[in-house]
Protein chains: 2
Amino acid sequence: MSVDEVAPHRRGRPPTLKDVASMAGVSIATASKALNNRQHVGAATRQRVQSAADALNFSPNALAQGMVAQRSGTVGLLTSDLVGRFSMPVLRGAEDAFGSEKMSVLLADARDDHIRQQHHLRALLSRRVDGLIVVGAQPDPRPSLGQDLGVPVVYAYAPSDDPQDMSVVADDVAGGRLAVDHLIRCGRRTIAHVTGDPTYGASHDRARGAVERLAEEGLTLAGGEVMYDSWSEAWGRGATRLLLDREPALDAVFAGSDQIARGVLDALLEAGKRVPEEVAVIGFDNWEVLATGSRPPLTTIDPALENLGRVAALRLASAIEGRAGHGVESYPCRLVTRSSTAPLH
Amino acid sequence: MSVDEVAPHRRGRPPTLKDVASMAGVSIATASKALNNRQHVGAATRQRVQSAADALNFSPNALAQGMVAQRSGTVGLLTSDLVGRFSMPVLRGAEDAFGSEKMSVLLADARDDHIRQQHHLRALLSRRVDGLIVVGAQPDPRPSLGQDLGVPVVYAYAPSDDPQDMSVVADDVAGGRLAVDHLIRCGRRTIAHVTGDPTYGASHDRARGAVERLAEEGLTLAGGEVMYDSWSEAWGRGATRLLLDREPALDAVFAGSDQIARGVLDALLEAGKRVPEEVAVIGFDNWEVLATGSRPPLTTIDPALENLGRVAALRLASAIEGRAGHGVESYPCRLVTRSSTAPLH
DNA sequence: TTGTATGCGTTATCAT
DNA sequence: ATGATAACGCATACAA
């Protein structure tokens with residue numbers, strides 16, 4: 001091997017371990033050991049290799065590493081709705097939990113289209129992801145991807161309909177309970193619940209938690225029943241007008257979403273009711289732009305979605321290590337106090 | 001667990017081309033050609049291989065393919081703020097444009113932290129992404145990643161400060177112009193502009209477009225000047241109160257964001273002004289939850305962010321094919337008409 | 001301590 | 001038309 005054989009790496013292509021090795025004057029095996037802090041490498045040699053790597057700005061080819069390790073070091077994030085507001089924090093939590101380690105995240109947006117989902121699933125599997133997180137668009141159960149994918153899967157936000165799978169979701173029942181609990185602690189007794197689409201399981205869960213907590217105080221819902229309709233400001237306004245007719249003594253409203261809460265707030269203001277002095281209002285979601293812009297700023301229940309994503313990532317990491325889990329795990333919501341609720345003194 | 005002597009592939013691991021080949025009774029070379037629709041393969045053989053692949057649910061290892069092709073078939077999506085609302089549609093547009101082809105997207109959220117950004121950049125480069133899309137959190141120029149990354153980069157939403165780089169952004173000047181143009185077409189003459197944080201370049205760009213269009217009609221801004229402050233509903237309300245004092249003849253407001261527009265709307269309503277009969281209001285962003293929930297629903301300028309992401313993906317694809325570009329490309333905004341504006345008859 | 005050789009799964013180049 | 005074989009870049013068991 002002649003001396004001027006030390007060809008600088010092929011034009012354009014990133015330097016390889018071979019380039020580093022030849023620059024340091026060692027074999028690729030030694031170079032590999034040196035860079036990976038394996039033993040059986042002389043201190044001086046290690047130093048030489050390290051310098052060569054730095055000089056070449058060497059970065060190991062993760063694809064090649066993945067081939068030998070039989071692990072790609074990637075996870076797939078399969079979402080059904082990237083445009084929606086709710087999948088986002090989950091996604092961020094997951095990305096955060098993984099990105100800080102040495103896992104990378106492959107993103108795929110299925111857009112709630114079954115064909116696209118299958119397409120993306122094949123693509124992710126073909127890339128040999130070590131695991132999969134599936135984030136739904138709605139909190140309702142969704143069809144399982146199946147058990148024979150060859151990699152562990154964790155469902156986040158929207159649980160799988162197969163109890164064999166592992167899912168992490170927000171505890172809507174506890175959330176509803178928490179909301180009413182807060183209102184009760186504020187001394188309210190005539191509490192109504194205005195919520196959204198009755199086809200959402202979450203609507204009923206939140207309502208159930210609310211009614212349960214009410215019952216513990218010997219109370220029932222003001223207005224006589226849960227008011228379902230749509231997740232909109234318009235419905236919040238409409239429902240409130242109805243409510244003020246039926247229940248003149250109304251002193252609190254639990255809204256099933258922050259959008260609805262905004263409508264409630266506006267209608268209350270328009271009717272000359274002071275918030276929170278006369279009527280307290282609490283929302284659900286902690287959708288910042290809505291909750292902080294309102295008059296007054298909105299007290300609300302935060303479903304802690306980012307945490308959900310983080311937990312999903314943790315569970316998936318465990319499953320990848322071989323410690324798989326199953327069933328649906330519910331995680332608590334958080335009360336965020338702003339100015340639309342206050343003690344009745 | 002019974003020992004199956006004919007076990008085609010190692011337990012747990014996905015089937016390989018070798019498994020398919022041996023099942024079809026051919027060499028891996030032939031199997032490869034058959035599955036990739038190469039010529040020099042007998043029709044019958046091709047069929048046998050295909051059946052074997054289907055039976056084994058074979059999916060080629062993209063990592064291995066990447067090794068030989070010297071292309072990973074992935075692009076990196078480096079965002080500085082996954083929580084923000086504006087990077088999201090860009091991201092979705094990009095994912096969409098790529099996902100429909102055979103490119104996969106590696107997501108990395110730097111959280112506006114330089115250290116994290118470097119970390120993620122190294123990780124993406126290590127995964128041998130074929131290209132990079134950098135999505136900023138704010139529309140202002142950001143530091144370039146540099147020219148020596150070895151892969152093409154396209155900056156979206158927030159342009160790079162190096163003109164050598166390629167950036168795609170929304171045309172804020174044209175957006176401002178479009179807003180005022182619409183108001184003028186509605187017959188308005190006394191038009192004010194309430195906008196947000198003056199440290200954002202976008203504020204000034206939108207204002208400039210507005211003033212230019214006004215000047216073409218021989219008009220100037222009602223209130224005498226652009227009203228800068230913050231991107232909040234509260235500022236929208238406050239500014240409107242000031243405005244109603246100063247300009248009793250006010251017949252239109254161009255708000256620099258939908259949040260501000262919401263505040264404007266509320267203050268107008270409170271002052272007894274009818275919208276759009278007496279005063280027309282137009283926003284900016286087309287932030288659905290804000291624009292559709294207001295009273296009345298908000299006419300607004302849509303910066304077409306999803307399109308921006310799509311274009312960025314297209315440009316990156318071109319660059320990967322060798323046709324690189326440079327400079328900042330601006331893309332038009334779109335007028336979305338709802339009920340807060342209408343002709344003055 | 002260092003180097004040689006093998007394999008990871010696939011594609012492409014050559015023989016046959 | 002089909003098959004053996006050499007890459008691709010890296011890690012490791014084994015030999016020196």
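Numbers restart at 1 for each chain; the letters A, B, ... are given by sequence-line order, proteins then strands.
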Please tabulate, for side-chain N and O atoms in residues 138-146 of chain B, each donor-acceptor pair with protein atoms closer than 3.5 Å (sequence neighbours left out).
| residue | atom | partner | partner atom | Å |
| --- | --- | --- | --- | --- |
| B:Gln138 | NE2 | B:Tyr200 | OH | 3.3 |
| B:Asp140 | OD1 | B:Gly201 | N | 2.7 |
| B:Asp140 | OD2 | B:Gly201 | N | 3.3 |
| B:Ser144 | OG | B:Gly146 | N | 2.9 |
| B:Ser144 | OG | B:Asp165 | OD2 | 2.5 |

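Nearest-nucleotide positions on DNA chain C place A:Gly42 closer to the 5' end than the other of A:Gly42 and A:Ile28.
Partners of A:Ser51 by side chain to side chain donor-acceptor pair (under 3.5 Å), not counting sequence neighbours, listed by chain and number: A:Gln47. With sequence neighbours left out, B:Thr79 forms a side chain to side chain donor-acceptor pair (under 3.5 Å) with no residue at all. Here B:Val83 pairs with A:Arg92, B:Asp81 under the side chain to side chain contact (heavy atoms under 4.5 Å, CB included) rule; sequence neighbours left out. Partners of A:Ala64 according to the side chain to side chain contact (heavy atoms under 4.5 Å, CB included) rule, which considers only residues two or more places apart in sequence or in another chain, are A:Asn61, B:Met67. Not counting sequence neighbours, B:Asp112 has no partner by the side chain to side chain donor-acceptor pair (under 3.5 Å) test.
C:dT1 atom P lies 15 Å from atom CG of A:Asn37, rounded to whole Å. The separation between B:Gln47 atom CD and D:dA1 atom P is 17 Å, rounded to whole Å. The distance between atom CG of B:Leu35 and atom P of C:dT10, rounded to the nearest whole Å, is 9 Å. Rounded to an integer number of Å, the gap from B:Met67 CE to C:dT11 P is 13 Å. Rounded to an integer number of Å, the gap from A:Arg127 CZ to C:dT10 P is 14 Å. Look at CZ on A:Arg71: it is 13 Å from P on D:dT12, rounded to the nearest Å. Rounded to whole angstrom, the span from the CZ atom of A:Arg48 across to the C1' atom of C:dT2 amounts to 11 Å. The nearest whole Å value for the distance from the CG atom in A:Leu17 to the C1' atom in D:dT12 is 13 Å.
Contact annotation: B:Gln70 side-chain N/O to D:dG9 OP1/OP2 distance is under 4.0 Å. Between B:Thr45 and D:dT2 there is a side-chain polar atom (N or O) within less than 4.0 angstrom of OP1 or OP2. A sub-4.0 Å separation between OP1 or OP2 of C:dA12 and a side-chain N or O of B:Arg38 is present. Phosphate proximity of D:dC8 to B:Arg128: absent, as no side-chain N or O sits under 4.0 Å from OP1 or OP2. A sub-4.0 Å separation between OP1 or OP2 of D:dA11 and a side-chain N or O of A:Gln65 is present. Regarding contacts with the backbone of D:dC8, every side-chain N or O of A:Asn61 stays at 4.0 angstrom or more from both OP1 and OP2. For B:Gln39, no side-chain nitrogen or oxygen approaches OP1 or OP2 of D:dA1 to under 4.0 Å. For the pair B:Ser27 and D:dG3, the criterion of a side-chain N or O lying under 4.0 Å from OP1 or OP2 is met. Considering only side-chain N and O atoms, A:Ser32 lies nowhere under 4.0 angstrom from the phosphate OP1 or OP2 of D:dC10.
The shortest distance between side-chain heavy atoms of B:Tyr155 and B:Val328 does not fall below 4.5 Å. Side-chain atoms of A:Val135 and A:Phe86, non-hydrogen and from C-beta on, never get closer than 4.5 Å to each other. Side-chain contact between A:Leu17 and A:Leu35 is present, with heavy atoms from C-beta onward closer than 4.5 Å.
For B:His40, taking side-chain heavy atoms from C-beta onward, the closest of the listed nucleotides C:dA12, C:dT2, D:dA1 is D:dA1. Checking C:dG3, D:dC10, D:dT5 against the side-chain heavy atoms of B:Ala29 singles out D:dT5 as nearest.
For residues 310-325 of chain A, the pairs satisfying side-chain hydrogen bond (donor to acceptor under 3.5 Å, both in side chains) are A:Glu306-A:Arg310, A:Arg315-A:Glu329, A:Arg315-A:Tyr331, with sequence neighbours left out.
Residue A:Val68 is classed as a base contact, given a heavy-atom separation below 4.0 Å to a base.
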Quick test: give all pairs of protein nitrogen or oxygen and nucleotides 14-16 of chain C nitrogen or oxygen below 3.5 Å, distance rounded to 0.1 Å.
none

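Of the possible polar contacts, one joining the B:Arg127 side chain to the A:Gly73 backbone as a donor-acceptor pair under 3.5 Å is found.
Taken over five-pair windows at either terminus, the axes of the helix from C:dT1-D:dA16 to C:dT16-D:dA1 are inclined to one another by 50° (rounded to 10 degrees).
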